[in-house]
Structure formats: C-alpha cells, structure tokens
Visitor: 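Shown below is the structure under consideration.
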Amino acid sequence: MGRGGVAVLAAACILAAAPAAAQEAWPTRSVRLVVPSSPGGGTDTYARFLAQGLGDALKFQFVVDNRPGGGGNIGAEIVARAAPDGYTYLVSSSPALVVNPSLYRNLPYNAERDFAPVARGVVSPLVIASHPSVPVKTLAGLVALAKREPGELSYGSPGAGSSSNLAVKMLEEAGKVRFLHVAYKGASQASLGLLRGEVAFMVTDISTALPLIQAKRVVPLAASHRSAHLPGTPTYAQAGFPSVDAYPSYSVVAPAGTPPAIVQRMSAEIVSLMKTPAFRERLDARAMVPIYDTPEQFASVLSKERAKYAELIRRSNITAE
C-alpha cells in the first residue's frame, strides 16, 4: 500500500473512532433527572439518592427536576419530547410506564415507543395495614370480614390506578370480595384517613407504614415482599393470596433514540452505585430493594407489566378519576 493509501486508511480510522470517543466522554455537562411527582415521596427520594451518587462518581452535576401532575403524565411527556442526547432522564414510579397507557384514553406520550429503558432501579414493597378498630389480625380475616359485609369495608388509596388501588383490585379477585374505595389526594392524605379511622385499611409502602406500625397505630396484615423491617409479617403468598402482585418500582428511562452506548453506560453506573455499601444502607433504611437488571431485562419486565395491568384494568373497569 502506498503512502496515499496509508493516509486514507488512517483518516478513516480516526473518523470511525470519533463517535465512540464522543460517547466515551459522556457526560461533559450536567444531567437532568425529571421526577413526575412532588418532592418528598419515594420516587423523589430515590432520584435524589441517584443524583448525589452519580454526581460524585461522574464528576458532573445531576439535577432533580420535579414535574408533578397528571398521575405522572406531565413529567413523562417532558422526557418523551426531550432531545435524546443522554442528558435528560425520567426517574418515575412504575404506573407512568406500565399502568397509565391502559388507564388514560389520551396519553400525551407512548410509553413503549417514546422511551429507552435504562435501569429498573428499586422495588418499593407494600404492606396492607388496617386500623386497630378493625377486628382482624390477618389478611384472610380481612377477606372473611369483607364477605360478611360486602361492599362496606372501606380502603383508602391515592387514586384509581395507583399501586395501592391495583393491589386491592387483585385481592378482590383472589378473595371474591368487594371493598369500598375511598380515593384521597395523595398517599399522605390516605394515611391520615386511615389514622383517623375514616377507612378500615390501606395499602402503602413499608417505609411510610413502619413508624405507624411501631407506634401500634395501624396493624400490618401482609406485605408484597419479605422485609427485615417487618419480620413477623407474611407475604401475600404466605397469607394465602399469591395472585396479588402489584407494587411500584422507581425506575429510569431515557428518551427513545438516546445512543445505546450512553444507555448502557448510565445503566452500568446506576447498578454499580446501588451495589456500594453506603448506597445499599440508604436504600435499606427506606425499605427499597435494588434490582440489577440490564436495559434488555428491564424492557422485558416493562412489556410483561403493561400486559398484566392492561388486563386487570379491563377486567375491573378502572378509569382515571
């Protein structure tokens, strides 16, 4: 090969390497984490854990941008329409990604086509807790009471389509009973309603329920997962209701079209962060369970979850309130 051929080959190699080098350099500026809910909740807490940890690891600022409203749809739409450049991500509770497509008729984004799955993140286990005045101590007892009082035993939730509401719908199907749904404006209001005795029970995350359980202000009946925080509380399956399978995840997705190399890098950074002892300790304190899925595994989970909830919403005739 002559000198001219060598020069052309060298130039081609440099051009081919340029995109890879650009991707390897990510990030080169601050990264935005859009949270489609208000500050203080579980999703926001997880996002802030990520922002601090990723910022420290990658030496660029990760900024949490709270965009609440519309059951998560407002923040999700912002990310769906964002530039797919690796600098905007959605950190969301699972309903915006797997429930809302079946719950809302005119969703302003396509949950399957508009996002690239990055990291499944964490699972937030739920617990079914009753008011002390309710004369039951087990989940089977609650179902038996509902059979004696059909449609009268009430439960509170943040609204139709929430993980709390869907878990109870699954329990209704499994136990062949019907409960009275009382929708509140948010999980904190639903918790207050339970404490005041306005409802008989609710399904909430373990982190929220734990201080109330410890103070004996509510009674734990069963949980979605085994938890060291509630060692004496059986899972739904152990309590006799294995088909009750609704709980939220706090997950990360990017706009569709984000370069695959950046998606893989972001995923790997999140998984690596969640495996550190300090981060695991922060998650454990909030009863959050880390999941180390790859983007491909996460995509498969999203597909299965959408199908599961679509069928439940159809069967139960659930509509957005």
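Numbers here simply count residues along the sequence, with the first being 1.
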Visitor: Do side-chain atoms of Ser267 reach the backbone of Val263 as a donor and acceptor pair under 3.5 angstrom?
Guide: no
Visitor: Would the number of heavy atoms belonging to other residues, nucleotides or ligands and lying under 6.0 Å from CZ of Arg196 be above 12?
Guide: yes
Visitor: Would you confirm whether Tyr87, through its side chain, and Thr28, through its main-chain N or O, come within 3.5 Å as a donor-acceptor pair?
Guide: yes
Visitor: Can a donor-acceptor pair be found, under 3.5 Å and without considering hydrogens, that links the side chain of Tyr104 to the backbone of Pro101?
Guide: no
Visitor: Kindly list each side-chain donor-acceptor pair under 3.5 angstrom involving residues 69-78, sequence neighbours excluded, with atom names and distances?
Guide:
| from | atom 1 | to | atom 2 | distance (Å) |
| --- | --- | --- | --- | --- |
| Asn73 | OD1 | Asn100 | ND2 | 2.8 |
| Asn73 | OD1 | Tyr109 | OH | 3.1 |
| Asn73 | ND2 | Gly70 | O | 3.0 |
| Glu77 | OE2 | Arg81 | NE | 2.9 |
| Glu77 | OE2 | Arg81 | NH2 | 3.2 |

Visitor: Check the hydrophobic clustering (I, L, V, M, F, W, Y; side-chain heavy atoms under 4.5 Å; chains of links allowed) and say if Leu139 and Leu230 are grouped together.
Guide: no
Visitor: Between Arg265 and Glu269, does any NZ, NE, NH1 or NH2 come within less than 4.0 Å of an OD or OE carboxylate oxygen?
Guide: yes
Visitor: Is Ser300 reaching over with its side chain to a backbone N or O of Gln297, donor-acceptor style, under 3.5 angstrom?
Guide: no
Visitor: Are Met288 and Leu273 connected into the same hydrophobic cluster when the rule is that any two of I, L, V, M, F, W, Y join if their side-chain heavy atoms are below 4.5 Å apart?
Guide: yes
Visitor: If the condition is side chain to side chain donor-acceptor pair (under 3.5 Å), which residues does Glu152 pass it with, not counting sequence neighbours?
Guide: none
Visitor: Less than 4.0 Å between a side-chain N and a carboxylate O, is that true for Arg282 and Asp284?
Guide: no
Visitor: Indicate yes or no for a side-chain donor-acceptor contact from Lys308 to the backbone of Asp245 under 3.5 Å, with no hydrogens or angles considered.
Guide: yes
Visitor: Has Arg306 got a side-chain atom pairing as donor or acceptor with Leu97's backbone, closer than 3.5 angstrom?
Guide: yes
Visitor: Is a side-chain N or O of Ser227 found less than 3.5 angstrom from the main chain of His229, in a donor-acceptor match?
Guide: yes
Visitor: So, the side chain of Gln238 versus the backbone of Thr235: is there a donor-acceptor pair under 3.5 Å, distance only?
Guide: yes
Visitor: Test your reading of the model: is there a side-chain donor-acceptor pair from Thr258 to the backbone of Pro255, 3.5 Å cut-off?
Guide: yes
Visitor: Using distance only, find each side-chain donor-acceptor pair of residues 201-218 under 3.5 Å and give its atom names and separation, not counting sequence neighbours.
Guide:
| from | atom 1 | to | atom 2 | distance (Å) |
| --- | --- | --- | --- | --- |
| Asp205 | OD1 | Thr208 | OG1 | 3.0 |
| Asp205 | OD2 | Ser207 | N | 3.4 |
| Asp205 | OD2 | Thr208 | N | 2.9 |
| Asp205 | OD2 | Thr208 | OG1 | 2.9 |

Visitor: With clusters defined by side-chain heavy atoms of hydrophobic residues (ILVMFWY) lying less than 4.5 Å apart, directly or transitively, does Leu312 cluster with Phe241?
Guide: yes
Visitor: Would you say the side-chain atoms of Arg226 pair up with the backbone N or O of Thr233, donor to acceptor, closer than 3.5 Å?
Guide: yes
Visitor: Decide whether Val244 and Val127 are clustered together by the hydrophobic rule: side chain heavy atoms of Ile, Leu, Val, Met, Phe, Trp, Tyr closer than 4.5 Å, transitively.
Guide: no
Visitor: Same cluster or not: are Leu166 and Tyr236 linked, directly or through other Ile, Leu, Val, Met, Phe, Trp or Tyr residues, by side-chain heavy atoms under 4.5 angstrom apart?
Guide: yes
